[in-house]
J.: 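Sharing a structure, written as structure tokens. Questions coming.
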Amino acid sequence: MSDISFHDLSSLDATQRASLLKRAEADLSVFVEKVRPIIQAVKDEGDAALIRFARELDKANVAEGGLQVSEAEFDAAFDKVEKDVVESIGFGIDNIRRFHEEQKPETMWLKEVRPGAYAGDRYTPIASVALYVPRGKGAFPSVTMMTSVPAVIAGVPQIAIVTPPTSDGSVDAATLVAARLAGVHTVYKCGGAQAVAAVAYGTETVKPALKIVGPGSPWVVAAKSELSSIINTGLPAGPSEAIIFADDSVDGGLAALDLLIEAEHGPDSSAYLVTHSRKVAEAALAALPQHWSRMTEQRVEFSRAVLTGKRGGIVLTASLEDSYRFINDYAPEHLEILSKEPFAHLGHITEAAEILMGPHTPVTLANFVLGPNAVLPTSRWARTYGPLSVTDFVKRSSVGYVTSAAYPELAKHARRLARYEGFSSHENAVSEIRDRYLAG
């Protein structure tokens, strides 16, 4: 197992340590150059470009006039998906709904900041949102669940899913099942940069949206970057990444088992086991072949590429404090704390989008059925962003109301500050000029 990337943190210089923090989308310049003509084609040609790119890039035979999933295709999906899978999708959606309903802010609140002067917030849903569901390295009904449920709870009136079509021009059946069970009825057969362009500009079939959310490849991330002045691109969600942090109270084989969860998404994923215990690290190395023997060939290939490459492997630290420091520097999308006493470590970790506590809480549960959202910021954006939530689908307006009794005192102080800052119209609006109008 010597091909697994093994990083002894104490022996690395600053440059080598910094290289461990890099993600696949760290340099998007190559992708940006490639997505620009795709974006322009969709803007200029609409549906025709989407159909052409489906055939050229997705190798999918999408018929003219067939970009939107029909009701018949939704109905047929339930016959294609095994009943127990439909049941599990429903179970996951129920938990996700329970969790996200607690996030929904009250429609409006007001506080009396001074007698007769009120200030507060009002929340209203965003008018239109597109949900990106990736397809390239597998089918992801779970992403449909995670993006659709909070959008529906928020009350977004126009919700549409964009997802790459399969070779026969259809959409993954489980994705359609998840969409309908979550309450989303519009799905478009387009993916990649062309899907982002379609919902930014609109086409003959695809309605434009004000915002797009959901994870995607560097192509999708690059397209979002290019179109960020046209459409709100939401939290930065790129290729999967995870840190499995293990102290010396757990078996390294368990750490290796969970290390493979996000590593199997694709060769552009990032996955590290971080531990100060050489015993745990060596046990993890020894266990990997056994775990790989129980995985499909493609997922072994993906995860092996990650764990033998520059964005994965085992990081051995000198101490718990060094482990905490590396995790906070990395700011992972997913973090597992594998320990018999996980809460003893929690207070030391401040930079992670998702923190899963203890040996009974693997990333798998959170990705599908636990309830918290699994659409998370990547590439160190956990330092300033949180998980996708109901609040990503609403907008906030400040509300103010001042009574006649409260007005004079507020006007006096505002007038002084307006004069100090040199804004004469501001000053006039709260001067005796206003008083005359109000008196008349």
J.: Is any side-chain heavy atom of Tyr201 closer than 4.5 Å to one of Leu227?
T.: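 Yes - at least one pair of side-chain heavy atoms lies under 4.5 Å apart.
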J.: Of Leu181, Val369, Val177, which is the lone residue that meets side-chain contact (heavy atoms from CB on, under 4.5 Å) with Ile93?
T.: Leu181
J.: Charged N to carboxylate O under 4.0 angstrom, Arg304 versus Glu301?
T.: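 No, this pair does not count.
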J.: For a quick test of reading the model, state the closest non-hydrogen atom pair linking Val62 to Ile51 and the distance between them.
T.: O-CG2, 3.4 Å
J.: Between His291 and Gly253, is there a donor-acceptor pair closer than 3.5 Å when you use the side chain of the first and the backbone of the second?
T.: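 Present.
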J.: Just by modelled atom types, is the Pro239 backbone N or O under 3.5 Å from a matching donor or acceptor in the Ser269 side chain?
T.: no
J.: Can you tell which of Val220, Thr163, Val143 makes a side-chain contact (heavy atoms from CB on, under 4.5 Å) with Pro134?
T.: Val143
J.: Is a side-chain N or O of Ser148 found less than 3.5 angstrom from the main chain of Met145, in a donor-acceptor match?
T.: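 Pair absent, no side-chain N/O of Ser148 close to backbone of Met145.
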J.: Evaluate the side-chain hydrogen bond (donor to acceptor under 3.5 Å, both in side chains) criterion for residues Ser228 and Thr233: first the C-alpha distance (whole Å), next the side-chain angles of each, then the deciding distance (0.1 Å), finally the verdict.
T.: CA-CA 6 Å; Ser228 60; Thr233 54; 5.6 Å; no
J.: Can a donor-acceptor pair be found, under 3.5 Å and without considering hydrogens, that links the side chain of Gln68 to the backbone of Thr186?
T.: no
J.: Please tell me if the side chains of Ser303 and Met295 come closer than 4.5 Å, counting only heavy atoms from C-beta onward.
T.: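 Yes, close enough: below the 4.5 Å cut-off.
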J.: Check salt bridge (Lys or Arg N to Asp or Glu O under 4.0 Å) between Arg17 and all other residues, then give those that pass, not counting sequence neighbours.
T.: Asp329
J.: With heavy-atom distances below 4.5 Å as the criterion, would you say the side chains of Val42 and Thr203 are in contact?
T.: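 A side-chain contact under 4.5 Å exists here.
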J.: Please report the interatomic distance CD(Glu45) to CD(Gln194), rounded to the nearest 0.5 Å.
T.: 12.5 Å
J.: Which atom names give the shortest non-hydrogen contact between Pro377 and Leu235, and what distance separates them?
T.: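 The pair with the smallest heavy-atom distance is N-CD1, 3.6 Å.
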J.: Does any N or O in the side chain of Glu33 come within less than 3.5 Å of the main-chain N or O of Val30, such that one atom is a donor and the other an acceptor?
T.: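 Judged by distance alone, no pair lies under 3.5 Å.
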J.: Please find the pair of heavy atoms, one from Ala119 and one from Val113, that lie closest to each other, and give the distance.
T.: CB-CG1, 4.3 Å
J.: Answer with yes or no whether the side chains of Asp8 and Ser11 bring together a donor and an acceptor at under 3.5 Å.
T.: no
J.: Keeping the roles fixed (side chain from Glu241, backbone from Glu333), state whether a donor-acceptor pair exists under 3.5 Å.
T.: yes
J.: So Thr384 and Trp381, do their side chains get closer than 4.5 Å, heavy atoms only?
T.: yes
J.: Would you find more than 12 non-hydrogen atoms of other residues, nucleotides or ligands less than 6.0 Å from Arg122 atom CZ?
T.: no
J.: In terms of the angle between their ring planes, are Tyr324 and His348 parallel, tilted or perpendicular, with boundaries placed at 30° and 60°?
T.: parallel
J.: Look at Arg180 together with Glu71 and state whether they make a salt bridge at an N to O cut-off of under 4.0 Å.
T.: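 Judged by the 4.0 Å cut-off on N to carboxylate O distance, Arg180 and Glu71 do form a salt bridge.
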J.: How about Glu102: does its CD atom have over 12 heavy atoms from other parts shown lying under 6.0 Å from it?
T.: no
J.: Go through the side-chain N and O atoms of Thr308 and Asp3 and say whether any donor and acceptor fall under 3.5 Å apart.
T.: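 Their side chains do not contain a donor-acceptor pair, so the 3.5 Å distance test is not met.
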J.: Rounded at 0.5 Å granularity, tell me how far CG in Leu388 sits from CE in Met146.
T.: 10.0 Å
J.: Does a side-chain N-to-carboxylate-O contact under 4.0 Å join Lys189 and Glu73?
T.: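 A salt bridge links Lys189 with Glu73.
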J.: Report yes or no: does Ser249 contribute a side-chain atom to a donor-acceptor pair with the main-chain N or O of Lys340 at less than 3.5 Å?
T.: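 Answer holds: yes.
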J.: Could you give the distance from OG (Ser240) to CG (Asp268), rounded to the nearest 0.5 Å?
T.: 8.0 Å
J.: Just checking, any donor-acceptor pair under 3.5 angstrom between side chains of Ser389 and Thr391?
T.: yes
J.: For residues Val306 and Ala263, report the shortest heavy-atom separation together with the two atoms involved.
T.: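 So the two residues come closest at CG2-O, 3.6 Å.
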J.: Give a yes or no on whether the backbone of Arg380 and the side-chain of Arg383 come within a donor-acceptor separation of less than 3.5 Å.
T.: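 Yes, because the side chain of Arg383 sits within donor-acceptor range (under 3.5 Å) of the backbone of Arg380.
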J.: Taking atom types as modelled, is there a side-chain donor on Asn373 or His100 under 3.5 Å from an acceptor on the other?
T.: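 Side chains of Asn373 and His100: pair found under 3.5 Å.
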J.: Would you say the side chain of Leu50 lies within less than 4.5 Å of the side chain of Tyr188, judging by non-hydrogen atoms?
T.: no
J.: Is the side chain of Thr275 donor-acceptor paired with the backbone N or O of Ala246 at a distance under 3.5 Å, no angle test?
T.: yes
J.: Give, for atom CD1 of Ile243 and atom CG of Leu259, the distance between the pair rounded to the nearest 0.5 Å.
T.: 10.5 Å
J.: Under 3.5 Å, is there a donor-acceptor pair linking the side chains of Thr166 and Ser170?
T.: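 Present: a donor and an acceptor within the cut-off.
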J.: Return the minimal non-hydrogen interatomic distance between Leu307 and Gly313, and the atom names on each side.
T.: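 Looking at all heavy atoms of both residues, the shortest contact is CD2-N, 3.6 Å.
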J.: Only one of Lys395, Lys111, Arg396 passes salt bridge (charged side-chain N to carboxylate O under 4.0 Å, His left out) with Asp121; say which it is.
T.: Arg396
J.: Heavy-atom distance under 4.5 Å between the side chains of Leu210 and Gln158, does that happen here?
T.: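 No, their side chains stay 4.5 Å or more apart.
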J.: Which pair of heavy atoms, one from Ser270 and one from Tyr330, lies closest together, and at what distance?
T.: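 Minimum heavy-atom separation between Ser270 and Tyr330: CB-OH, 3.1 Å.
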J.: Out of curiosity, Ser19 OG to Lys310 NZ, how far, rounded to the nearest 0.5 Å?
T.: 8.5 Å
J.: Can you tell me if Thr205 and Asp47 form a side-chain donor-acceptor pair at under 3.5 Å?
T.: yes
J.: Quick check for you: to the nearest 0.5 Å, what is the distance between Leu260 atom CG and Phe302 atom CZ?
T.: 14.0 Å
J.: Once you measure the plane-to-plane angle for His345 and Phe245, does it fall in the parallel (<30°), tilted (30-60°) or perpendicular (>60°) bin?
T.: perpendicular
J.: Would you call Asp248 and Lys279 a side-chain contact if the rule is heavy atoms closer than 4.5 Å?
T.: no
J.: Around atom CD of Glu101, are there more than 12 heavy atoms of other residues, nucleotides or ligands at under 6.0 Å?
T.: yes
